[in-house]
Structures are given as structure tokens and as C-alpha cells.
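To find a chain, count down the sequence lines: A is the first, B the second, and so on, and within it residues start at 1.
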Protein chains: 2
Amino acid sequence: MNEVVVLTPERILEVTEDVLRRYGLAKATVVDVARALDVSHGSVYRHFPSKASLREAVAKRWLDRLSAPLLKIAEASGPAPARLDKWLRTMFAIKHERLGDDPEMFATYLTLAREACKAVNCHKDCLVDQAAKILSDGVEQGSFEIADVKVTARAIFDATSRFHHPGHAEEWSDPGTPARIDAVLALLLKGLEAPRKR
Amino acid sequence: MNEVVVLTPERILEVTEDVLRRYGLAKATVVDVARALDVSHGSVYRHFPSKASLREAVAKRWLDRLSAPLLKIAEASGPAPARLDKWLRTMFAIKHERLGDDPEMFATYLTLAREACKAVNCHKDCLVDQAAKILSDGVEQGSFEIADVKVTARAIFDATSRFHHPGHAEEWSDPGTPARIDAVLALLLKGLEAPRKR
DNA sequence: TGACTGACAGATATTGAAATCTGTCAGCGA
DNA sequence: TCGCTGACAGATTTCAATATCTGTCAGTCA
């Protein structure tokens with residue numbers, strides 16, 4: 001058959017991620033991506049209208065892979081308080097891990113977060129929805145007492161920014177961080193708790 | 001008398017703050033400061049060992065002026081929950097206000113915060129101590145139930161980072177911010193609350 | 001004597017010309 | 001026809017020469 005490999009958006013994204021990892025966000029150019037794909041850079045523009053949109057699509061893929069394991073926890077069954085605790089700790093752990101394993105992509109993510117781009121906002125909304133799912137499970141189970149699930153989910157997200165927002169990444173390696181996570185989570189879970197029945 | 005104006009650290013700090021405000025952190029030089037003081041730049045080095053120490057001393061002054069009004073609230077009397085709420089909201093308001101009124105100094109502060117310099121860490125510790133003071137008042141009054149006041153004070157500080165850490169300053173102008181502050185504070189205050197006696 | 005100056009070395013920042021990149025599009029070749 | 005190429009204009013980045021700055025110190029002056 002000797003089938004010619006066609007240029008698909010998916011293939012471009014894969015290669016762009018590699019190029020971004022190799023050269024870093026600041027140095028990577030569309031010409032580099034085209035070279036790695038062995039096509040002219042004009043062809044890349046046939047699939048993505050601008051460098052920014054290409055960069056954003058790569059970030060979206062990266063962020064989607066990040067939220068997938070969290071979705072599993074959010075949609076699992078079981079007591080909501082333990083699930084929320086696990087969900088938050090897993091989120092912190094995944095981001096922390098990525099900072100170590102994939103620093104160039106993390107820097108890209110940080111830049112995009114600063115630009116408040118669509119992909120990142122969408123990612124945040126998606127995570128807040130996952131948290132809201134756990135909270136409403138908790139209300140149903142009688143473990144939580146919450147006026148507005150959506151607003152409270154965002155409050156949980158905001159209150160844990162220190163541990164998941166990329167702007168605080170440098171602080172994560174501080175040796176006191178695990179203890180500080182414990183303290184904030186304890187406080188938040190107590191704040192959500194329904195008054196004990198007797 | 002016609003007294004000659006002497007060169008004191010205080011006068012240098014005052015002028016440096018002006019220069020920093022006028023030129024911005026990136027552009028301001030020790031030579032500019034010396035020119036504004038009408039002395040040679042060597043004289044400035046007689047009072048401060050380096051540009052970094054001068055910059056840090058200016059930041060310290062600026063931060064001390066910021067925490068002074070908060071100290072009043074922390075040391076006041078009255079019910080701790082309302083006082084903590086007021087203390088936090090005042091902190092957010094002061095920082096927010098300074099971002100608007102004094103953007104160059106704010107950028108300096110942001111840079112120093114990123115460098116995790118001594119003056120900023122000291123400022124943070126000082127604020128956490130103020131929060132701890134209110135919390136321990138609350139424990140005495142029976143309003144709060146807290147295992148470790150110091151740890152919890154830091155947790156409160158961490159959980160409100162989104163609203164006071166300069167790295168989040170761009171997000172403060174978001175129209176949803178007041179509602180998000182309300183949501184986080186409600187959650188935290190409920191988490192501190194001692195179980196009702198009956 | 002002791003606060004201040006000003007010249008200096010090495011480090012850092014500025015600048016402008018040259019190189020490269022982004023985004024477009026007329027045209028090629030399958 | 002349709003995906004791709006490659007040349008192009010304007011924007012951005014690089015690079016090296018030049019200027020400025022930081023921090024020091026021997027010397028001045030009151």
C-alpha cells in the first residue's frame with residue numbers, strides 16, 4: 001500500500017507538543033513545527049488559523065489529560081467528604097507531578113493561565129463542575145449542608161488556589177506544604193459539614 | 001541657621017520610593033536616586049550595602065504601612081468571628097486599593113514576593129500572627145473550636161491567597177470577586193465555628 | 001576624623017541593523 | 001479539484017557594539 005501519511009490536526013498537535021517540550025514556549029516557532037512534520041509552515045496554517053490557536057489546542061489536550069483521572073473520582077460513588085478530600089489531594093498531586101516531569105509544558109500552561117485564555121478557563125469550569133458533583137452527592141447523603149452547590153464548589157476551588165494554581169508552583173516544594181494542605185482541607189471539610197443529628 | 005540637610009537612611013528611603021514610583025522597578029537605578037538627592041551614588045552605598053537591600057528596605061516601609069491598620073483590628077476587642085471577617089476584608093480592600101493607587105510600588109512588591117525575600121516573608125508572618133491573635137480570642141470567647149491556632153491562622157491565610165496574594169492581582173478586578181470573597185469567608189468561618197451548645 | 005566625591009572594573013542594559021518569524025495567497029502538481 | 005508549496009510584507013527577535021549601571025575605594029575637604 002505504502003500509504004502516504006496525511007497531515008491531520010491530531011498529528012500536528014502531537015508534534016507541536018514535542019517541539020514545545022524540546023524548545024520551550026519562548027523558542028518554539030511554527031516553522032519548527034512544520035520542519036518536524038516535514039511540510040511547509042503554510043500547511044500548518046491550513047489546519048490552525050494562528051500560532052495562538054495552535055498553542056491553545058495543545059494546552060487543551062494537555063489539560064484534558066490532566067482532568068480525566070479526576071473525573072473518575074468525581075463520578076465514583078461512596079461518602080462525599082472522603083471523595084472530596086481524595087479529589088482535591090489528587091488534583092494537587094497531579095499538578096505537582098507535572099511540574100516535575102514536564103516543566104516546559106507546565107511553563108506553557110502557566111503563561112496561558114496568565115493570559116486567561118479560553119482553554120484554561122474552560123478547564124477551570126470543568127474542574128469546578130466536578131467538585132460541584134461531589135458536593136451535591138454529599139448534600140444528598142446528608143453529609144454536607146450547602147446553600148448553593150455551584151458557588152460553594154467555586155469557593156473550594158478558590159480556597160485551595162495556593163496548592164493548585166500554577167502561579168504558586170514555586171511554593172509547592174516548600175517542606176511545610178503537606179501540613180498546610182492538611183490544615184486547609186480540614187478547615188474546609190469542617191465548614192461543609194452538616195450539623196450532627198442526635 | 002541655614003542648616004545643611006544631612007543624608008539619612010530615612011531620607012534616602014523616601015526619595016527612593018518616589019523614584020521607584022516615577023520610573024518603575026525595572027528602570028529605577030541607584031544613580032537616579034543619588035541624582036534626586038543631589039549626592040553622588042557612592043554616598044547612597046554608604047548607607048545601604050547594595051541596591052537589593054535598598055529596594056528591600058523601601059518594600060519593608062511600604063508593607064509596614066499596609067499592616068498597621070490591620071494590627072488595630074487584630075488588637076481590638078469584640079466578638080472574634082466578626083473581627084476576623086473585618087480583618088480579612090480590610091486586608092483585601094487595602095491591597096486592592098494599593099494596586100489601583102500605587103501600581104509601580106505594587107509591581108515592586110509582586111517582584112519581591114516572587115523572590116520570596118526576607119521583608120515579604122516577615123510581612124506574611126506578621127499578618128499570620130495577627131490572624132492567630134483573633135483566632136485565640138475566638139477560642140477564649142467560645143466562638144471558635146481550633147486544634148492549633150497558629151496552624152489554623154496560616155490555613156486561613158493560605159485559603160484566602162486568591163484575594164490577597166499579589167500574583168492573583170489581575171483576577172481581583174473580575175466582577176465576580178466580591179461574591180467569591182463572600183463564599184470563601186462564609187465557608188471558612190463555618191469551619192472555625194464551635195458546635196452550638198444547647 | 002569622617003562624610004562625601006568621582007574615577008574605575010566588571011556586569012548589565014540599550015540600541016539599531018540584520019535575521020527570522022507570522023500569516024497570506026497565487027500558483028503548482030497529483 | 002484540492003492539498004500543499006514557497007515567496008512575500010510586515011512584525012518580531014537576535015546579536016553585537018555601545019552606553020549605562022553597580023559596587024569599590026583612594027583621595028578630598030570641612
**Message:** Between B:D32 and B:T29, does the side-chain hydrogen bond (donor to acceptor under 3.5 Å, both in side chains) criterion hold? Intermediate values first, please.
**Reply:** CA-CA 5 Å; B:D32 290 330; B:T29 72; 3.2 Å; yes
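Counting only N and O atoms by type, the side chains of B:H165 and A:H165 include no donor and acceptor under 3.5 Å apart.
Residues from residues 33-43 of chain A lying near DNA chain D, meaning a heavy-atom separation below 4.0 Å, are A:V39, A:S40, A:H41, A:G42, A:S43 in numerical order.
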Below 3.5 Å between N/O atoms, which protein atoms pair up with nucleotides 12-20 of chain D? Just atom names and distances, please.
{"unit_1": "D:dT14", "atom_1": "OP1", "unit_2": "A:K27", "atom_2": "NZ", "d": "3.3"}

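When each of B:R46 and B:A52 is assigned the nucleotide of DNA chain D bearing its nearest heavy atom, the one mapping closer to the 5' terminus is B:A52.
Taking A:A132 as the reference, A:V149, A:A153 meet the side chain to side chain contact (heavy atoms under 4.5 Å, CB included) condition, with sequence neighbours excluded.
Within a 6.0 Å radius of CZ in B:R11, more than 12 heavy atoms belonging to other residues, nucleotides or ligands are found. Environment of NZ in A:K124: crowded, with over 12 heavy atoms of neighbouring residues, nucleotides or ligands closer than 6.0 Å.
Using cut-offs of 30° and 60° for the angle between ring planes, the B:W172 and B:F106 rings count as perpendicular.
First and last contacting nucleotides of DNA chain C toward chain A (any atom under 4.0 angstrom from a heavy atom, 5' to 3' order): C:dC21 to C:dT24.
The stretch residues 94-113 of chain B participates, sequence neighbours left out, in these salt bridge (charged side-chain N to carboxylate O under 4.0 Å, His left out) pairs: B:R21-B:D102. Within the structure, ring pair (Phe, Tyr, Trp, His ring centres under 6.0 Å) pairs that include any residue of residues 62-90 of chain A comprise A:W62-A:Y109 (at least two apart or interchain).
Across all strands shown, A:V31 has heavy atoms under 4.0 Å from base atoms, whether or not it also approaches the sugar-phosphate.
Of the listed residues (A:V33, A:T16, A:L63, A:T108), just one forms a side-chain contact (heavy atoms from CB on, under 4.5 Å) with A:V58, and that residue is A:T16.
Ring pair B:F163/B:H96: centre-to-centre distance not below 6.0 Å.
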